[in-house]
S.K.: 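Please see the structure below; I have some questions.
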Amino acid sequence: MSEEYGLLDPENTESPGDEWEEIDVSDTEADRIARKRDREFNQFRERVKDSDQFKVEQSVFDDATLAALYKLVQDGYVQAFGGPISSGKEATVYSALGEEVEVAVKIYRINASDFRDMREYLVGDPRFEELGGDKKRIVLAWVRKEYANLKRARKAGVRVPEPIAVQRNVLVMEFMGNDGRRAPTLADARLENPETAYEVVREYMRRLFDSGLVHGDLSEYNILVSNGELCIIDVGQAVTYHHPNSGEFLTRDCANIASFFQREGLEVRGDELEEWIRENSNPET
Ligand SMILES: Nc1ncnc2c1ncn2[C@@H]1O[C@H](COP(=O)(O)OP(=O)(O)OP(=O)(O)O)[C@@H](O)[C@H]1O
């Protein structure tokens with residue numbers, strides 16, 4: 001490490017000679033490294049600001065966001081950015097090249113986010129107590145929550161994108177798609193077998209609930225069909241079983257899912273779906 005950065009070897013006690021005594025060599029070296037880092041970061045910032053794929057989204061990229069992206073690049077999670085996949089109310093999702101595979105990079109807007117809404121979903125979640133009303137802290141907690149929820153859902157056996165890294169307001173995750181094209185949502189895909197699809201979604205909802213989570217915004221728009229697999233996304237707002245509104249959110253999720261599959265010709269009902277989920281899981285354990 002010391003060799004790589006050209007730092008002085010602390011084991012070497014040989015006196016450098018009187019003429020050097022006034023100079024703090026390690027400080028100078030640290031300054032040089034800091035200057036180099038600043039220079040590289042500035043170059044990175046200019047590259048991002050000039051690149052076509054980020055032109056429409058300049059507002060997302062305040063310096064702190066750029067620094068987060070830069071760190072993800074430095075750590076090797078992102079090698080090159082592709083174009084935007086989607087621009088929603090809270091975040092923009094980009095495709096990017098990660099460690100040899102394509103990844104999805106979700107960049108949350110600190111400024112444009114509807115943070116009041118976000119706070120409602122964070123209230124009562126024992127993992128995110130004492131946040132206060134600071135907007136930036138709420139958004140940053142939200143991103144960490146999405147990362148944690150993805151991990152928890154995967155552990156429970158629910159197909160969600162694999163979370164790869166989180167840095168400030170940026171989440172890197174597995175890209176769900178077919179040959180570089182993003183996977184269609186359940187709303188856009190043509191379902192060959194709606195019965196099986198319903199059973200899979202129902203089982204994922206049960207597993208999620210059993211692990212103590214309720215999605216809270218589940219519908220045909222937050223389920224992707226990737227290489228024949230159903231994959232649940234957008235778990236940032238998912239709440240734990242302890243949330244005061246978790247029951248209401250579960251009822252709404254079930255109603256959305258049932259109504260989608262009714263339109264696909266199935267005789268299903270939201271209340272029956274909820275009953276089945278509750279009967280077949282035990283979120284308190
Ligand atoms: N991991 C992923 N792989 C491929 N595409 C993705 C991935 N995550 C999100 N997307 C795409 O980006 C869109 C928006 O993602 P997501 O719902 O997570 O963001 P959002 O900002 O909360 O969106 P909205 O405001 O529309 O709810 C999705 O509909 C999907 O098309």
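Just so you know, ligand 1 is whichever comes first in the structure, and atom 1 is the first atom listed for that ligand.
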S.K.: If the threshold is 4.0 Å, N to carboxylate O, is there a salt bridge linking Glu275 and Arg269?
M.R.: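 Salt bridge absent between Glu275 and Arg269.
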S.K.: Considering Ser87, Gly88, Ser86, which one's heavy-atom position lies nearest to atom 12 (O) of ligand 1?
M.R.: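 Ranked by closest heavy atom to atom 12 (O) of ligand 1, first place is Ser86.
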S.K.: Which residue and non-hydrogen atom of the protein lie closest to atom 8 (N) of ligand 1, and at what distance in Å?
M.R.: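 The closest heavy atom on the protein side is Met173 CE, 3.7 Å.
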S.K.: Give the C-alpha distance, both sets of side-chain angles, the deciding distance and a yes or no for side-chain contact (heavy atoms from CB on, under 4.5 Å) between Asn256 and Leu218.
M.R.: CA-CA 7 Å; Asn256 289 341; Leu218 194 63; 5.8 Å; no
S.K.: For residues Tyr77 and Gln167, is any side-chain donor paired with an opposing acceptor at under 3.5 Å?
M.R.: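 Checked: Tyr77/Gln167 side chains show no N/O donor-acceptor pair below 3.5 Å.
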S.K.: For Asn222, take its heavy atoms, then give the atoms of ligand 1 lying under 4.0 Å from any of them.
M.R.: 17 (O)
S.K.: If we only count heavy atoms from C-beta on, is the Glu229 to Asn227 side-chain gap below 4.5 Å?
M.R.: no
S.K.: I need the nearest protein heavy-atom contact for atom 11 (C) of ligand 1: residue, atom name and distance, please.
M.R.: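 Atom 11 (C) of ligand 1 sits closest to the protein heavy atom Ile85 CG2, 3.9 Å.
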S.K.: Can you see whether Thr65 engages Arg109 through a side-chain donor-acceptor pair at a distance of less than 3.5 angstrom?
M.R.: no
S.K.: Would you indicate whether the side-chain heavy atoms of Phe261 and Glu220 approach each other to under 4.5 Å?
M.R.: no
S.K.: Who passes side chain to side chain donor-acceptor pair (under 3.5 Å) against Asp217, sequence neighbours left out?
M.R.: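 Asp217: side chain to side chain donor-acceptor pair (under 3.5 Å) contacts with Asn222.
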S.K.: Counting heavy atoms only, which of Glu90, Arg181, Glu174, Arg182 comes nearest to atom 1 (N) of ligand 1?
M.R.: Glu174
S.K.: Do Asp234 and ligand 1 have an N or O pair less than 3.5 Å apart?
M.R.: yes
S.K.: Among protein heavy atoms, which sits nearest to atom 24 (P) of ligand 1, and what does the distance come to when rounded to 0.1 Å?
M.R.: Lys89 NZ, 4.0 Å
S.K.: Report yes if some heavy atom in the side chain of Tyr241 is under 4.5 Å from a heavy atom in the side chain of Val214; otherwise report no.
M.R.: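 A side-chain contact is absent here, since even the closest heavy-atom pair is not under 4.5 Å.
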S.K.: Lys106 to ligand 1: N or O pair under 3.5 Å?
M.R.: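 Yes; the residue has a nitrogen or oxygen that sits under 3.5 Å from a nitrogen or oxygen of the ligand.
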S.K.: Answer with side chain, backbone, both or neither: which part of Met176 has a heavy atom less than 4.0 angstrom from an atom of ligand 1?
M.R.: both
S.K.: When you check the side-chain N and O atoms of Arg263 and Ser259, is any donor under 3.5 Å from an acceptor?
M.R.: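 There is such a pair (donor and acceptor under 3.5 Å, judged by atom type) between the side chains of Arg263 and Ser259.
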S.K.: What protein heavy atom lies closest to atom 6 (C) of ligand 1? Include the residue and the distance to one decimal.
M.R.: Leu224 CD1, 4.2 Å
S.K.: Near Pro161, which atoms of ligand 1 are under 4.0 Å from a heavy atom of that residue?
M.R.: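 Matching atoms, with element in brackets: 1 (N).
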S.K.: Where the closest heavy atom to atom 7 (C) of ligand 1 is concerned, which of Gly177, Ala104, Ser219 has it?
M.R.: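 Heavy atom nearest to atom 7 (C) of ligand 1 belongs to Ala104.
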S.K.: Could you tell me the residue and atom name of the protein heavy atom closest to atom 29 (O) of ligand 1, and the distance to it rounded to 0.1 Å?
M.R.: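 Ranking protein heavy atoms by distance from atom 29 (O) of ligand 1, first comes Ile233 CD1, 4.0 Å.
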S.K.: Quick check on contacts: which atoms of ligand 1 are under 4.0 angstrom from a heavy atom of Val93?
M.R.: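 Close to Val93: 12 (O), 15 (O).
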